[in-house]
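Since the structure is predicted, the reported quantities are computational estimates derived from the model, not experimental observations. So you know, we letter chains A, B, ... as the sequences are listed, proteins then strands, and number each from 1.
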Number of protein chains: 2
Amino acid sequence: MANRSDVAKWAGVSEATVSRVFSGGAVKEATKRKVLAAAEKLDYLPNAVAQNFAKGRSGHIGIILPYLPKVRLFSVDYFSELLSGLGEAVREEGYDLLLLLRSPEEQDYSELFRARKVDALVILGAKDTPEQKSTLDALKKEGLPFCLIDQQFTGSGFNEIIADNTAGGYMATQHLIARGYRSIAFLGGPATYSNARDRLRGYKLAMEEAGLPIRDQDLLQGNFSRKSGYEAALKLIRQGLPDAVFAANDRMGVGLIQGFKESGRLAGRDIAVIGFDNTDASKMCDPALSTVDVPYFEMGKVAAKRLLQQIFSGDRLPFHERLPVQLVVRHSCARAGEGIILG
Amino acid sequence: MANRSDVAKWAGVSEATVSRVFSGGAVKEATKRKVLAAAEKLDYLPNAVAQNFAKGRSGHIGIILPYLPKVRLFSVDYFSELLSGLGEAVREEGYDLLLLLRSPEEQDYSELFRARKVDALVILGAKDTPEQKSTLDALKKEGLPFCLIDQQFTGSGFNEIIADNTAGGYMATQHLIARGYRSIAFLGGPATYSNARDRLRGYKLAMEEAGLPIRDQDLLQGNFSRKSGYEAALKLIRQGLPDAVFAANDRMGVGLIQGFKESGRLAGRDIAVIGFDNTDASKMCDPALSTVDVPYFEMGKVAAKRLLQQIFSGDRLPFHERLPVQLVVRHSCARAGEGIILG
DNA sequence: GTGAAAGCGCTAACAA
DNA sequence: TTGTTAGCGCTTTCAC
């Protein structure tokens with residue numbers, strides 16, 4: 001494998017010109033062709049490490065991912081679509097994605113910038129806790145660009161790309177109301193996740209708008225796990241079934257369906273259930289779970305684009321984008337004998 | 001943020017000594033303490049890009065991931081566990097993971113090495129096709145270290161970390177046989193994946209060993225998708241149900257269960273079903289799907305360790321490790337009224 | 001155990 | 001448009 005000076009010699013130009021060709025500098029068309037031909041022949045590609053080093057950057061967008069134990073927060077679509085979205089956006093700008101697995105104790109993200117491992121950070125699975133908040137506040141104070149995905153720290157001024165969880169919660173609940181259900185329970189997720197809070201808010205909005213009461217027993221607390229959904233089902237059975245339950249995520253929705261079924265109650269017949277996320281599981285369970293689809297691909301793409309913009313421009317104007325979600329109707333929220341529209 | 005010469009001045013040593021402290025060179029304990037104190041005070045960390053540049057390496061292990069459309073090949077556990085395993089192993093050696101999303105057309109992996117973006121490659125989701133094979137052959141010929149995960153190219157001499165799919169197929173089938181089933185169908189995956197082929201082989205081994213016949217109609221061809229499982233169920237119903245079906249992955253297993261159910265046949269009562277992978281979906285569906293658990297975390301860890309070893313030592317002795325899998329018994333393969341052991 | 005200095009392969013600024 | 005050259009912040013080698 002040749003180096004740049006070989007190429008320069010071969011093409012009969014200076015090394016600087018070779019560089020210009022590969023980094024989009026101003027070069028005569030003929031020169032460019034000569035250089036590219038030489039590079040092709042000699043099997044030359046610029047050394048990305050040297051390029052980044054000379055440019056004083058890393059060329060990486062870091063992705064903070066919670067390290068094991070099992071990242072039950074995410075669905076496979078979440079991963080593959082979000083990463084694909086991020087990947088597409090960064091590639092267009094010659095950046096790469098650096099995967100950074102971090103346990104909750106390892107929160108010194110600023111270290112990643114100081115060591116020049118990353119030029120910006122996309123943080124997944126962040127919790128709204130005081131520790132997390134102060135970590136991020138420190139990053140922000142230092143002017144280090146980072147972005148949260150589907151997690152809001154209200155009033156923080158952090159960069160955030162979120163799904164319109166409130167609208168999703170509203171749509172889901174409204175759909176149940178439109179089907180004629182009146183007593184509708186809500187199974188929430190941990191309040192440390194803003195999406196859990198927003199989905200609850202959407203639920204409340206729809207209920208209020210419809211003039212439907214929310215009794216204390218209608219508000220159930222889960223932790224986004226299937227198990228907590230299962231247990232919520234048992235609790236609901238003990239206290240008397242509502243017409244419907246809206247679970248703040250699919251995992252709990254599936255748990256609900258399983259819990260109900262074990263006691264002979266069938267979702268989609270005896271009780272309506274709707275989830276959130278449109279994960280694989282929502283199609284796999286029986287009956288198929290109605291849910292709300294979240295545009296992860298798009299969210300990743302936007303997040304990366306905006307971060308790169310901050311890197312290039314040097315500005316740190318906080319961005320905060322909210323992307324629309326979509327209701328997906330399946331059998332779990334049908335009533336007995338009712339014709340339904342499948343999404 | 002300070003640089004190395006600041007630290008050197010502050011600690012009263014040469015810059016070379018500062019470097020030695022941070023890269024584990026020979027330094028007196030007292031000197032080391034002085035330097036670390038200075039670095040701490042001045043908030044200094046070595047520039048990783050410069051380090052890698054000077055060392056003539058990238059410091060990255062690349063992970064090739066199939067780019068959208070939806071990576072239905074993988075489960076969420078596959079991702080999170082495999083990546084965690086890889087991440088753990090590389091961190092111990094100061095390496096990082098570079099995520100590389102590539103569509104099937106973008107197969108010029110050697111470019112990644114020439115541009116010094118990676119020092120080694122872990123390739124996920126590779127298919128055993130002539131094109132893929134020749135791409136990888138070229139890499140191997142150039143002495144570029146890469147490793148395949150759960151995919152074998154027989155006789156290629158590629159580095160491969162695989163699950164013992166044959167044993168898994170054997171165990172699953174044997175379990176069905178032990179329960180007294182005699183007519184056992186197999187729903188296979190694409191033959192371009194060696195794990196699909198090996199799972200079939202395990203099935204055949206167990207059937208032969210038990211002296212059970214494999215009729216033509218017992219061998220069904222799927223494509224690892226839920227839909228293909230669903231369609232296989234319909235086909236089986238048309239041609240007359242066997243006692244049991246072993247699906248080469250969970251996704252198809254779930255599809256089978258759904259297909260059977262829609263025609264009033266209940267898995268775990270009217271027919272036994274078993275899958276492979278121990279994905280989330282296997283717990284979510286109804287009845288819960290028996291399956292075979294694959295040690296992805298461990299596979300990732302081993303793959304990374306072995307690759308790093310090749311990088312450091314410079315040797316290219318091919319490695320080829322096969323990790324054990326485990327049967328997970330759930331309701332889908334029980335017979336009516338039969339007590340089962342849950343895994 | 002420590003210091004001095006060359007060099008890694010680029011970019012960027014300046015000169016031509 | 002092109003060539004020249006001084007860095008970028010490390011590692012490495014060679015003295016001491």
Under 4.0 Å between a Lys/Arg side-chain N and an Asp/Glu carboxylate O for [X] and [Y]?
X: B:Arg91; Y: A:Glu106; result: yes
X: A:Lys133; Y: A:Asp128; result: no
X: B:Glu92; Y: B:Lys305; result: yes
X: B:Asp108; Y: B:Arg114; result: yes
X: A:Arg322; Y: A:Glu160; result: no

Which atoms of nucleotides 4-6 of chain C (N or O only) lie under 3.5 Å from a protein N or O atom, and what are those distances?
none

message: If we ignore hydrogens and angles and just use 3.5 Å, is the side chain of A:Asp119 paired with the main-chain N or O of A:Gly59 as donor and acceptor?
response: yes

Chi angles and distances behind the ring-ring contact (aromatic ring centres under 6.0 Å, His included) call for B:Phe146, B:Phe158: CA-CA 8 Å; B:Phe146 66 93; B:Phe158 297 158; 5.4 Å; yes

Rounded to whole angstrom units, what separation is found between the [atom1] atom of [X] and the [atom2] atom of [N]?
X: B:Glu15; N: C:dT2; atom1: CD; atom2: P; value: 16 Å
X: A:Asn52; N: C:dC10; atom1: CG; atom2: P; value: 12 Å
X: B:Glu29; N: C:dT2; atom1: CD; atom2: C1'; value: 16 Å
X: B:Arg114; N: C:dG9; atom1: CZ; atom2: P; value: 16 Å

- prompt: Within 45 degrees of the axis of the six-membered ring of B:Phe22 and under 6.0 Å from its centre: does B:Arg4 put its NZ or CZ there?
  reply: no

- prompt: Checking A:Arg57 against A:Tyr95: charged group under 6.0 Å from the ring centre and within 45 degrees of the axis?
  reply: yes

message: At 4.0 Å (heavy atoms only), tell me whether A:Ser5 reaches a base, stays on the sugar-phosphate, or touches nothing.
response: nothing

- request: Mind checking A:Val49 for me? I need base, sugar-phosphate or nothing, with any heavy atom below 4.0 Å counting as a touch.
  value: nothing

message: Under 4.0 Å, heavy atom to any atom of DNA chain D: which of residues 53-60 of chain A qualify?
response: A:Phe53, A:Ala54

- prompt: For A:Ser23 and B:Ala26, take the nucleotide of DNA chain C holding the closest heavy atom to each; which residue's nucleotide lies nearer the 5' end?
  reply: B:Ala26

message: Just verifying a value: how many Å separate B:Ser58 OG and B:Ile311 CD1, rounded to the nearest 0.5 Å?
response: 7.5 Å

- line: Under a 4.0 Å heavy-atom criterion, DNA chain D is touched by chain B from D:dG9 to D:dT13

message: Out of the candidates A:Leu86, A:Leu100, A:Leu121, only one should pair with A:Ile63 under the side-chain contact (heavy atoms from CB on, under 4.5 Å) rule; please name it.
response: A:Leu86

message: If you compare every side-chain N and O of A:Ser19 against the phosphate oxygens of C:dG9 (OP1, OP2), does one of them come in below 4.0 Å?
response: no

